[in-house]
Every structure is written in C-alpha cells, then in structure tokens.
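First listed ligand is number 1; within each ligand, the first listed atom is number 1. Numbers here simply count residues along the sequence, with the first being 1. What you see is a predicted model; the values in this text were computed from it and never measured.
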Amino acid sequence: MTQPNNKHTIVAPSLLSADFAQAGQQVKDLQNAGATHLHLDVMDGSFVPDITFGHKLIADIAKNTTLTLDTHLMVDNPYHMLENFALAGSDIITVHAEARGITHLHRTIMKIRELGKKAGIALNPATHESTIEYLMPHLDLILIMTVNPGYGGQKFIPEMMDKVRNVSNMIGSRNILLEVDGGVNANNATDLRNAGANMLVAGNYVFSGDYRQRIASLMGEA
Ligand code: DX5
Ligand code: ZN
C-alpha cells in the first residue's frame, strides 16, 4: 500500500517561472524561504517547442547556491549533453523516455550514474509506466509529468493521480524519488503526497505568492 509521506516531501520550485534576468536574486530568495531544491527546465526547441537555457546558466547558478540542482532535460538526443550538465553542477539529471535518439535509455541512465549524478526518467502523460519496469534497479528518480511538457502554468491532468499511485506501488521499498511536475498547487498537493509523491515541482504556484508560505503549504506544513 502507498503510504502518505508528508514528513519527507521535497519541494522543488521551478526556475522556469522566475524572471531570468533576476535569476540569481530569485534563487537566493527561494533558498531563504526554505527551498532545498531547484528544478531546472532545459528545453531545446525540438522535444518541446520552446528554448529556455543550457548548462552555462546552471553552472552560474551552481556557483552561488547550495540548493540541490534538479535538471529536467526536455531535449532530444540528450546523451551527448550529459557531461556538460553534470560538470555544470546538476545533482540530479532526468531525461525523457520519449526523447528522440534515446533508443538506449538504459545506457543513458548508466552514463548519468557514471558521471556521479542521480539518474531520473521522466514520463509524458501518455506514456505507460511499464516502459521503465526493467530500469527500476538503476533509477534514483521517476518524474511523472502531470501536464504535457513545454510550458509553465498549465492545468494538472487529473488522470495522472492514478499513475502516481501506480508508480509509487512499482517503487515499493526501493530508494527512488517520485517527482511530480506540472500544475502542482495547494489544491492537489495533499492528494499527490497521499498517492506517494515525495518530490513536488512547482513553478507558477510558488512564484505567484509568498515563497515561504507556498513552499510550506506544498509540504503540508501550512
Ligand atoms: C513544464 C515544466 C515544469 C514547469 C512547471 O514543461 O517541466 O517544470 O516549470 O510549471 P507549473 O508548476 O507552473 O505547471
Ligand atoms: Zn520540469
């Protein structure tokens, strides 16, 4: 059975909702407001239509923060980029199961671990969790997309709640983070934690209010 995990919920505010021109200050403010993690959405204009930023911005942020850096690669052909994102200071690197050029998903995950980083796989809303069944022993994190990737501020897809529950059951007692990304806010955070999610990404919700209060409310503390 899935156990609610209120005590250990990690909140990872997403830099995507920040003002990039003020990124350094906003990251400091998040840290002062109690954030421990920062979610970094890398978009390449191919896997998703928009382009955000690359490893240089992550390296510059890494120099000035102690936050755990959670890099979400929404890119095609991620393999050849892994080293740059590792060297930049990412602590977690997550690739999409659906990315073009990721035929060798197992090899990609092993490469992230060889680089000394936590390895994650993200699943789009339409992708069945069975895709990653045989990779479970090698994963540090599974990211369930609860919107279609590419933009902040979209509406949570309610059917994804069952998927979170299913993946939580697949994880069982394994030491794998279960991260949820897209449309997370105070209205669905409790259900997500109860379904087994222990890492919540939030862009618009955190950035459209008081950071400390919003982070605490996602953790179930306010
Ligand atoms: C969407 C990104 C998300 C985004 C979430 O493709 O992967 O990380 O920043 O933003 P909100 O919380 O506003 O849905
Ligand atoms: Zn993301």
*Nearest 0.5 Å, what's the CD-CG distance between Gln213 and Leu218?*
9.0 Å

*Is a side-chain donor-acceptor pair under 3.5 Å present for Ser46 with Asp76?*
yes

*Could you tell me whether the side chain of Leu69 reaches within less than 4.5 Å of the side chain of Leu40, counting heavy atoms only?*
yes

Validation: residues 47-60 side-chain donor-acceptor distances under 3.5 Å, sequence neighbours left out:
unit_1: Thr52; atom_1: OG1; unit_2: Asp41; atom_2: O; d: 2.7
unit_1: Thr52; atom_1: OG1; unit_2: Met43; atom_2: N; d: 2.9
unit_1: Lys56; atom_1: NZ; unit_2: Asp60; atom_2: OD2; d: 2.7
unit_1: Asp60; atom_1: OD1; unit_2: Lys63; atom_2: NZ; d: 3.0

Would you tabulate the side-chain donor-acceptor contacts of residues 152-159 under 3.5 Å, counting partners in other chains and residues two or more places apart, or write 'none'?
unit_1: Gln154; atom_1: NE2; unit_2: Asn148; atom_2: O; d: 2.7
unit_1: Gln154; atom_1: NE2; unit_2: Tyr151; atom_2: O; d: 3.0

*Identify the two heavy atoms, one from Ile102 and one from His96, that lie closest to each other, and give their separation to 0.1 Å.*
CD1-O, 3.6 Å

*Closest heavy-atom contact between Pro137 and Arg113?*
O-NH1, 3.8 Å

_Using 0.5 Å steps for rounding, measure from the OG atom of Ser17 to the NE2 atom of His39._
10.0 Å

_Using every non-hydrogen atom in the two residues, find where Ala88 and Ala62 come nearest and quote the distance to one decimal._
O-CB, 3.4 Å

*the Zn ion (ligand 2): which protein N, O or S atoms are under 2.8 Å away?*
His39 NE2, Asp41 OD1, His72 ND1, Asp181 OD2

If you look at each N/O of ligand 1, which protein N/O atoms lie under 3.5 Å away, and at what distance?
unit_1: ligand 1; atom_1: 6 (O); unit_2: Gly150; atom_2: N; d: 2.7
unit_1: ligand 1; atom_1: 7 (O); unit_2: Asp41; atom_2: OD1; d: 3.0
unit_1: ligand 1; atom_1: 7 (O); unit_2: His72; atom_2: ND1; d: 3.3
unit_1: ligand 1; atom_1: 7 (O); unit_2: Asp181; atom_2: OD2; d: 2.9
unit_1: ligand 1; atom_1: 8 (O); unit_2: His39; atom_2: NE2; d: 3.3
unit_1: ligand 1; atom_1: 8 (O); unit_2: Asp41; atom_2: OD1; d: 3.1
unit_1: ligand 1; atom_1: 8 (O); unit_2: Asp41; atom_2: OD2; d: 2.8
unit_1: ligand 1; atom_1: 8 (O); unit_2: Asp181; atom_2: OD1; d: 2.7
unit_1: ligand 1; atom_1: 8 (O); unit_2: Asp181; atom_2: OD2; d: 3.0
unit_1: ligand 1; atom_1: 9 (O); unit_2: Ser14; atom_2: OG; d: 2.8
unit_1: ligand 1; atom_1: 9 (O); unit_2: Asp41; atom_2: OD2; d: 3.0
unit_1: ligand 1; atom_1: 12 (O); unit_2: Gly203; atom_2: N; d: 2.8
unit_1: ligand 1; atom_1: 13 (O); unit_2: Gly153; atom_2: N; d: 2.8
unit_1: ligand 1; atom_1: 13 (O); unit_2: Asn204; atom_2: N; d: 2.9
unit_1: ligand 1; atom_1: 14 (O); unit_2: Gly183; atom_2: N; d: 2.8

